[in-house]
Student: 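Here you go, one structure.
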Amino acid sequence: GFDELKPYRLLLEKYENLWLDTAMVLTDYFPFEKKIELKHYRCERILYGSDFPNIPYAWDRELKVLLAAALPPGVLGQITRENAVRFFNLDGTA
C-alpha cells in the first residue's frame, strides 16, 4: 500500500483495529512526491517493520530515517518497541 498513503491514513483514523508498519515506506526507495510526515498519523498504531532480510537496501536505513525525523518525545520508542509490545500482548496485560 505504499502508493495509497492517504487512504490508509484515513482508515487508521476510522478503524481502531487497524495498524500500519514502517516497512519500506519511510526510506527513499519508492518515488514519493513528498516526505512522509509521521506526525500526521496515529503513531500509537504504527509498528516498526524492517522486512529484514527481504529488503533491497541496508537493514538500518529505516531506523536512520526514524532517528532523523525529529519525532515528539516518546514517539520513537512507541514505534520501535512499545506498540509491538501492546499489539502482541508481550507484557501480558490484555
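The figures that follow rest on heavy atoms only: side chains count, while hydrogens, waters and symmetry mates do not.
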Student: Can you measure from CH2 (W19) to CD1 (I46) and round to the nearest 0.5 angstrom?
Tutor: 10.0 Å
Student: Calculate, to the nearest 0.5 Å, the distance between atoms CG and OG1 belonging to L67 and T80 respectively.
Tutor: 8.5 Å
Student: Looking at T27, V65, V25, which hits side chain to side chain contact (heavy atoms under 4.5 Å, CB included) with I36?
Tutor: V25
Student: Does a side-chain heavy-atom distance below 4.5 Å link V75 with L38?
Tutor: no
Student: Rounded to the nearest 0.5 Å, how far does CZ of R61 lie from CG of L26?
Tutor: 11.0 Å
Student: Roughly how far, to the nearest 0.5 Å, is CZ of R45 from CG of N83?
Tutor: 9.5 Å
Student: Pair R42, E16 - check salt bridge (Lys or Arg N to Asp or Glu O under 4.0 Å), show working.
Tutor: CA-CA 10 Å; R42 293 180 63 181; E16 291 298 316; 3.1 Å; yes
Student: Using 30° and 60° as the class boundaries, would you call the ring planes of Y57 and Y29 parallel, tilted or perpendicular?
Tutor: tilted
Student: Are L71 and V85 co-members of a hydrophobic cluster defined by side-chain heavy atoms under 4.5 Å apart?
Tutor: no
Student: Could you tell me whether a side-chain N or O of D21 sits under 3.5 Å from a main-chain N or O of L47, the two making a donor and an acceptor?
Tutor: no
Student: Do L12 and F32 share a hydrophobic cluster, counting only Ile, Leu, Val, Met, Phe, Trp and Tyr and linking them when any side-chain heavy atoms are less than 4.5 Å apart?
Tutor: yes
Student: Looking only at atom types and distance, does a side-chain atom of R81 sit under 3.5 Å from a main-chain N or O of Y48, one as donor and one as acceptor?
Tutor: no
Student: To the nearest 0.5 Å, how far apart are CD1 in I79 and SG in C43?
Tutor: 4.5 Å
Student: Between atom CG of L20 and atom OH of Y41, what is the distance when rounded to the nearest 0.5 Å?
Tutor: 7.5 Å
